[in-house]
2 protein chains.
Amino acid sequence: MATGRTHRPATRSRGIPEATVARLPLYLRALTALSERSVPTVSSEELAAAAGVNSAKLRKDFSYLGSYGTRGVGYDVEYLVYQISRELGLTQDWPVVIVGIGNLGAALANYGGFASRGFRVAALIDADPAMAGKPVAGIPVQHTDDLEKIISDNGVSIGVIATPAGAAQQVCDRLVAAGVTSILNFAPTVLSVPDGVDVRKVDLSIELQILAFHEQRKAGEESAEGGPLPAAASRGAAADDSADQGPDGDVPAVMPA
Amino acid sequence: MATGRTHRPATRSRGIPEATVARLPLYLRALTALSERSVPTVSSEELAAAAGVNSAKLRKDFSYLGSYGTRGVGYDVEYLVYQISRELGLTQDWPVVIVGIGNLGAALANYGGFASRGFRVAALIDADPAMAGKPVAGIPVQHTDDLEKIISDNGVSIGVIATPAGAAQQVCDRLVAAGVTSILNFAPTVLSVPDGVDVRKVDLSIELQILAFHEQRKAGEESAEGGPLPAAASRGAAADDSADQGPDGDVPAVMPA
DNA sequence: TGTTGTGAATTCATTCACAGCG
DNA sequence: CGCTGTGAATGAATTCACAACA
């Protein structure tokens with residue numbers, strides 16, 4: 001979630017809802033695919049299917065951008081690609097730095113979709129002196145000492161943090177102090193930043209835990225129970241085959257170390 | 001956001017809002033940290049700060065789980081850790097397979113937080129025969145041919161897709177056919193899955209694009225420009241702090257009709 | 001005709017504010 | 001007292017359903 005400040009509610013003009021903004025990249029990807037296949041126009045229904053949303057939502061989303069469709073026909077693919085790109089700020093190139101070139105940082109640096117549209121890996125930064133100079137994805141890794149200079153020399157405003165959790169806040173503080181105002185955080189920590197700085201996080205274990213929640217829910221179905229059972233621990237994890245490992249119904253307490 | 005169809009509306013067992021579920025892992029992490037420091041109790045205010053949310057929200061979230069606090073005192077850390085773990089289904093161990101052992105897949109396999117609490121990397125799978133047998137993160141990579149057998153032998157219900165976009169849907173189909181009902185997708189594609197299967201996606205370029213949107217918005221706040229058609233191109237990386245508000249230079253919304 | 005664009009209705013999420021209890 | 005738990009109020013997002021219109 002964007003930690004960013006909520007925007008002014010006042011004037012009615014450019015109020016694109018956050019949920020809509022989050023879907024624009026999806027639409028853009030689907031449109032780009034169509035564009036590559038030289039499809040000239042697309043209906044809300046088709047595009048919605050390709051993007052994995054429903055068409056009413058898509059039309060509502062587009063309505064916040066303006067009236068870019070043609071009734072009875074659909075949307076012009078090229079035109080929409082341009083409009084959405086512009087709205088997302090992808091008609092310019094954003095230099096990005098990646099801090100923390102471990103396994104993950106290297107994977108990110110090598111990730112193709114990165115450089116593709118609107119973004120450019122301006123620098124890779126790592127705290128390990130042994131890495132300095134070593135090229136990753138064709139870009140030489142630089143040492144953390146030079147972080148501030150790198151940021152300002154390259155006019156970087158977007159930073160990616162792929163360090164261990166322990167280093168993340170410190171790196172974040174330095175990035176922000178150096179002028180970065182948007183951060184994508186892969187470290188499993190809550191970052192605190194001043195107002196005006198946006199943070200988004202990507203967190204593997206959170207995603208897995210959310211999946212586990214639903215998975216558990218699936219396993220414990222069939223029986224038509226449903227009482228909110230107030231007591232702390234009861235609920236025999238009555239499950240059947242399919243998915244369900246340890247039938248360890250209730251555990252007294254404490255699992256961490 | 002969970003893509004894909006989620007839970008059936010049928011048996012309306014336990015109504016924990018999705019937004020709350022998505023925050024439980026955050027609370028759990030904060031609580032685990034407190035637990036490690038042997039902090040016995042914590043107030044909603046403190047815990048909320050540690051998790052980066054506000055305290056009213058946190059209390060409301062916990063209220064869906066039950067009444068686990070003590071008025072005038074706060075929450076017992078150990079007890080809450082257990083309750084949330086149980087709610088998330090982390091009192092059992094979920095075997096997970098990772099498909100696609102490239103840069104990213106390897107990074108995921110090596111990721112510590114993975115194996116830590118509630119999850120276990122049961123197998124690594126890759127389509128490249130040259131990788132077969134090679135250990136990554138101490139686990140030998142297996143070939144895609146054996147995917148179905150691996151899934152069923154290990155009772156896997158959660159799969160992670162870290163393949164190139166082109167292979168993702170196919171891998172997904174095979175995982176689902178083999179019995180996987182939760183998928184974490186790192187490939188930049190919309191996966192389509194049957195009802196009852198949950199998909200969550202992690203997508204670097206979507207996150208960056210969302211950041212770029214806000215970044216652009218910050219940059220274009222002094223001048224009253226930003227019209228519908230003018231091509232965007234300039235931007236002076238002028239990093240002043242506290243951008244966000246703006247006296248507002250609003251644009252006629254193109255075609256209110 | 002076929003499809004967009006959008007008010008109105010609905011559902012979901014957050015925040016407020018305070019009663020209730022330890 | 002202090003802090004939780006929660007109804008009630010507000011706000012955001014989604015969905016419905018249909019008028020507008022190329």
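Chain letters run A, B, ... following the sequence lines, proteins first, then strands; residues in each count from 1. Note that the structure is predicted; figures quoted are calculated from it, not measured.
- Legend: residues meeting side chain to side chain contact (heavy atoms under 4.5 Å, CB included) with A:Ala165, ordered by chain and number and at least two apart, are A:Pro188, A:Thr189.
- The base of C:dT3 is not paired with the side chain of A:Arg71 by any donor and acceptor separated by under 3.5 Å.
- As rounded to whole Å, 17 Å separates atom P of D:dA13 from atom CZ of A:Phe62.
- Among residues at least two apart or in separate chains, ring-ring contact (aromatic ring centres under 6.0 Å, His included) pairs with a member in residues 19-59 of chain B are B:Tyr27-B:Phe62.
- Terminal axes of the helix from C:dT1-D:dA22 to C:dG22-D:dC1 (five pairs each, C1' rotation axis) are separated by 10°, to the nearest 10°.
- Side-chain N/O atoms of B:Ser44 include none lying less than 4.0 angstrom from OP1 or OP2 on D:dC3.
- Remark: B:Asn54 pairs with no residue by the side chain to side chain donor-acceptor pair (under 3.5 Å) rule, at least two apart or across chains.
- Among residue pairs with one or both ends in residues 30-52 of chain A, none qualify as salt bridge (charged side-chain N to carboxylate O under 4.0 Å, His left out); sequence neighbours excluded.
- Dashed line: the shortest gap from a side-chain N or O of B:Tyr68 to OP1 or OP2 of D:dC3 is not under 4.0 Å.
- Remark: B:Thr163 pairs with no residue by the side chain to side chain donor-acceptor pair (under 3.5 Å) rule, at least two apart or across chains.
- To the nearest angstrom, P of C:dT4 lies 16 Å from OH of A:Tyr79.
- Checking D:dA13, C:dG2, D:dT6 against every side-chain atom of A:Glu18, the shortest atom distance belongs to D:dA13.
- Looking at which nucleotide of DNA chain D each of B:Glu45 and A:Thr70 is closest to, the 5′-most match is held by B:Glu45.
- In this structure, CG on A:Leu88 lies 11.0 Å from CG on B:Leu211, to the nearest 0.5 angstrom.
- Scored by the side chain to side chain donor-acceptor pair (under 3.5 Å) test, A:Thr32 finds no partners at all (sequence neighbours excluded).
- Note on residues 21-35 of chain B: pairs passing salt bridge (charged side-chain N to carboxylate O under 4.0 Å, His left out), not counting sequence neighbours, are A:Asp203-B:Arg29, B:Arg23-B:Asp61.
- Within 4.0 Å of A:Tyr75, counting heavy atoms only, lie sugar-phosphate atoms of the nucleic acid but no base atom.
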Report all interatomic pairs (protein N or O, nucleotide N or O of nucleotides 14-18 of chain C) with separations under 3.5 Å.
from   : atom 1 : to      : atom 2 : distance (Å)
C:dT14 : OP1    : B:Arg23 : NH1    : 2.9
C:dT14 : OP2    : B:Arg23 : NH1    : 3.2
C:dT14 : OP2    : B:Arg23 : NH2    : 2.7
C:dT15 : OP2    : B:Asn54 : ND2    : 3.0

